[in-house]
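Beneath this line is the structure, given in C-alpha cells, with notes to follow.
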Amino acid sequence: MRKLLLLTLLLLMVGSTIWSQTPNKVSEEELNKFFKNYPYVLYKTKIFNAESEFAWPDGFKRMPDSKMTKYQAWVSRMPLWHSLKGVATLGQGLAFEADEISRCVMLPWRTSKFFDYVIPMQIQLEWLLKEQRADRWQILPKAGDTMSYARWLNSTPIYDSRMRLILKPSEVRMPDSLEYNRFFNLVADNSNYLSLETNSDSVSEADLRPGDMLIARTEIGTTGRVYVILTILQNDQGDKRYLIATGGNPPCDFYIPLFHDNQNDPWLTLDELKGLPPQEFSYKGFYRLRMPK
C-alpha cells in the first residue's frame with residue numbers, strides 16, 4: 001500500500017507540473033461538468049479526451065448517445081493523460097516511454113495489482129461510485145464467495161485448503177475510501193481472465209459498445225490479454241472505427257497502444273481490433289461486464 005501511495009503522489013506531481021503550463025481552452029461550465037462526471041481526475045485546468053488529442057478520420061463521428069447507455073457514453077469520453085506521460089509500473093519504472101504509446105487513460109490505482117483483467121471492473125465501479133450505486137455491485141471470484149463492498153464491510157477474508165475465498169462474518173467496519181481500496185484489492189487478488197469472462201455476457205461484433213472487452217486467454221484463464229473499447233466512431237456508410245486501451249502484466253497504467261506509427265491516429269478497424277490478441281491465446285471473444293440493476 002505504501003508503494004501505491006508513493007506512485008499516486010508521483011503521478012499527481014507530474015500531472016500538476018504539466019497542467020499548470022497548459023492554457024485553459026474550455027469554459028468553466030464545461031470544466032465543471034467534466035470534473036463532475038470524472039471526479040477522480042487529478043488535473044483541473046483543461047479537458048484532455050479523444051476529441052482534443054486525436055485526428056478523427058474523415059466522415060466519421062462519435063456513435064450517438066441514443067445508441068448507448070449512460071454508462072457506455074461515459075466510458076466513451078474518459079479522460080486521457082497528456083502526450084508526455086509514459087506508462088508507469090509499480091516500483092519498476094516505466095513500462096513504455098511516452099513516444100512508445102498513443103496516450104495513457106486517466107484511471108486511479110485502487111490496487112497495486114492493476115492487471116489488465118482488473119481494469120474493466122474498476123471502470124464500472126468508478127461509474128457506480130459517481131452514481132452512488134457502488135453498494136449494488138458484486139462480482140464472482142475465480143473460486144469462492146461472491147464479493148461485494150457491503151459484504152466486505154462486515155467480514156474478514158479467509159481461504160480454505162483449496163484456496164477458495166470465504167468471507168467470514170466479523171465486526172462491521174465503517175465505509176471510507178481506504179476500506180474501498182482494500183475491498184478492490186481483494187477483488188484483484190481473486191480475479192483472472194476466466195473469472196472476468198464468467199462475470200460477463202458474450203457480445204456480437206455488430207453490437208459492440210464502449211466498455212465492451214476483447215478477452216483472449218488460455219483454457220484455464222490464468223494468462224491472457226484484455227482490450228477495452230473506449231470510443232466508437234461511425235460514418236454514413238455504416239463503417240466503424242474503434243479506440244481501445246489495455247493494461248499489462250506486471251501491473252501498469254491503463255493506456256492506448258501505439259498504432260499506425262502515429263500517436264494521434266489510434267483508430268482501428270474491426271479486423272485490426274480482432275487481430276490484436278497474441279496467437280497463443282486460443283480462447284477469444286467480445287464480452288460485456290454485467291451491470292447491476
Side-chain angles (χ1 to χ4, degrees), residues 38 48-57 60-63 67-69 71-81 83 85-87 95-96 98-107 114-124 126-127 193 196-197 200-217 223-235 239-249 251-279 281 283-289:
Y38 306 96
F48 275 59
N49 56 17
E51 277 84 358
S52 68
E53 293 299 282
F54 304 129
W56 288 33
F60 282 81
K61 298 179 180 179
R62 178 187 294 277
M63 177 180 284
K67 293 187 177 181
M68 298 186 283
T69 65
Y71 170 68
Q72 291 164 349
W74 180 84
V75 171
S76 77
R77 295 172 171 85
M78 284 186 70
L80 306 177
W81 278 99
S83 61
K85 185 184 183 308
V87 178
F96 299 102
D99 60 0
E100 295 178 307
I101 64 166
S102 181
R103 296 292 189 280
C104 275
V105 183
M106 178 73 76
L107 193 65
F114 203 39
F115 298 105
D116 57 350
Y117 57 79
V118 173
I119 288 171
M121 293 183 286
Q122 184 176 333
I123 293 174
Q124 191 180 82
E126 296 298 338
W127 159 260
Y193 297 93
L196 177 63
E197 186 177 314
S200 305
D201 296 315
S202 180
V203 180
S204 70
E205 296 175 0
D207 193 37
L208 290 174
R209 294 293 185 272
D212 292 345
M213 307 162 286
L214 173 57
I215 302 177
R217 60 174 177 83
T223 56
R225 289 301 303 271
V226 174
Y227 304 92
V228 180
I229 297 173
L230 296 182
T231 305
I232 301 177
L233 306 183
Q234 60 186 43
N235 63 14
D239 301 317
K240 294 179 181 178
R241 297 292 183 269
Y242 302 85
L243 177 67
I244 66 94
T246 188
N249 191 345
C252 70
D253 286 326
F254 191 37
Y255 72 97
I256 302 168
L258 181 64
F259 298 115
H260 314 127
D261 293 322
N262 185 345
Q263 284 185 297
N264 299 319
D265 179 20
W267 307 105
L268 302 178
T269 65
L270 182 59
D271 285 342
E272 287 176 321
L273 173 56
K274 289 161 53 177
L276 288 178
Q279 292 300 315
F281 302 130
Y283 291 79
K284 304 173 186 178
F286 290 106
Y287 294 89
R288 181 174 299 160
L289 190 61

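Interatomic distance, OH of Tyr242 versus CE of Met63, reported as 7.0 Å (0.5 Å rounding). The structure places CG of Leu208 at 6.0 Å from CD1 of Ile232, a figure rounded to the nearest 0.5 Å. How far OG of Ser102 is from CZ of Phe54: 4.0 Å, rounded to the nearest 0.5 Å. To the nearest 0.5 Å, atom CG of residue Leu107 and atom CG of residue Asp253 are 9.0 Å apart. The structure places CG of Leu273 at 5.5 Å from CD1 of Ile229, a figure rounded to the nearest 0.5 Å. The CG atom of Leu268 sits 10.5 Å away from atom OH of Tyr227, with the distance rounded to the nearest 0.5 Å.
For Asp201, the side chain to side chain donor-acceptor pair (under 3.5 Å) partners at least two apart in sequence or on another chain are Arg290.
In plain terms, the two heavy atoms of Trp267 and Ala55 that are nearest each other are NE1-O, 2.9 Å. A pairwise comparison of heavy atoms in Asn264 and Asn262 identifies N-OD1, 2.9 Å as the closest pair. Between Val228 and Pro120 the shortest heavy-atom distance is CG2-CG, 3.8 Å. For the residue pair Lys67 and Arg209, the shortest heavy atom distance occurs at O-NE, 2.8 Å. Taking all atoms of both residues into account, the shortest heavy-atom contact from Lys85 to Cys104 is NZ-SG, 3.9 Å. Heavy atoms only, all atoms of each residue included: Leu230 and Pro210 are closest at O-CB, 3.1 Å.
Residues Met213 and Leu289 meet the side-chain proximity criterion, which asks for heavy atoms closer than 4.5 Å. Within the 4.5 Å cutoff, the side chain of Gln263 has heavy atoms near those of the Arg103 side chain. For the pair Met106/Phe48, no side-chain contact is recorded, criterion being any heavy-atom separation below 4.5 Å from C-beta on. Contact annotation: the side chain of Asn249 never approaches that of Tyr117 to less than 4.5 Å [non-hydrogen atoms, C-beta and beyond]. Residues Met78 and Glu126 are not in side-chain contact: their nearest non-hydrogen atoms beyond the backbone lie 4.5 Å or more apart. Between Arg241 and Thr269 the shortest side-chain heavy-atom distance falls below 4.5 Å. For the pair Lys284 and Lys274, the minimum side-chain heavy-atom distance is 4.5 Å or more. At a threshold of 4.5 Å between non-hydrogen side-chain atoms, the residues Ile244 and Leu214 do not count as touching.
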Derivation and outcome, side-chain contact (heavy atoms from CB on, under 4.5 Å), residues Tyr287 and Asp212: CA-CA 6 Å; Tyr287 294 89; Asp212 292 345; over 6 Å; no
Decide yes or no on side-chain contact (heavy atoms from CB on, under 4.5 Å) for Ile123 and Phe254, but give the supporting numbers first. CA-CA 10 Å; Ile123 293 174; Phe254 191 37; 3.8 Å; yes
Assess the residue pair Ile256 and Leu80 against the criterion (side-chain contact (heavy atoms from CB on, under 4.5 Å)); give the C-alpha distance rounded to whole Å, side-chain angles, the decisive distance to 0.1 Å, and a yes or no. CA-CA 9 Å; Ile256 302 168; Leu80 306 177; 4.0 Å; yes
Show the numbers, then the answer: is there a side-chain contact (heavy atoms from CB on, under 4.5 Å) between Asp265 and Phe259? CA-CA 7 Å; Asp265 179 20; Phe259 298 115; over 6 Å; no
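Under the 3.5 Å distance criterion, the side-chain polar atoms of Trp56 are matched with a main-chain donor or acceptor of Ala50. Of the possible donor and acceptor atoms, one in the side chain of Arg62 sits under 3.5 Å from a partner among the backbone N and O of Ser76. The backbone N or O of Arg217 sits nowhere less than 3.5 Å from a side-chain atom of Tyr193 that would complete a donor-acceptor pair. A donor-acceptor distance shorter than 3.5 angstrom exists from the side chain of Asn49 to the backbone of Ser52, with no hydrogens or angles considered.
A distance below 6.0 Å separates the ring centres of Trp74 and Tyr38.
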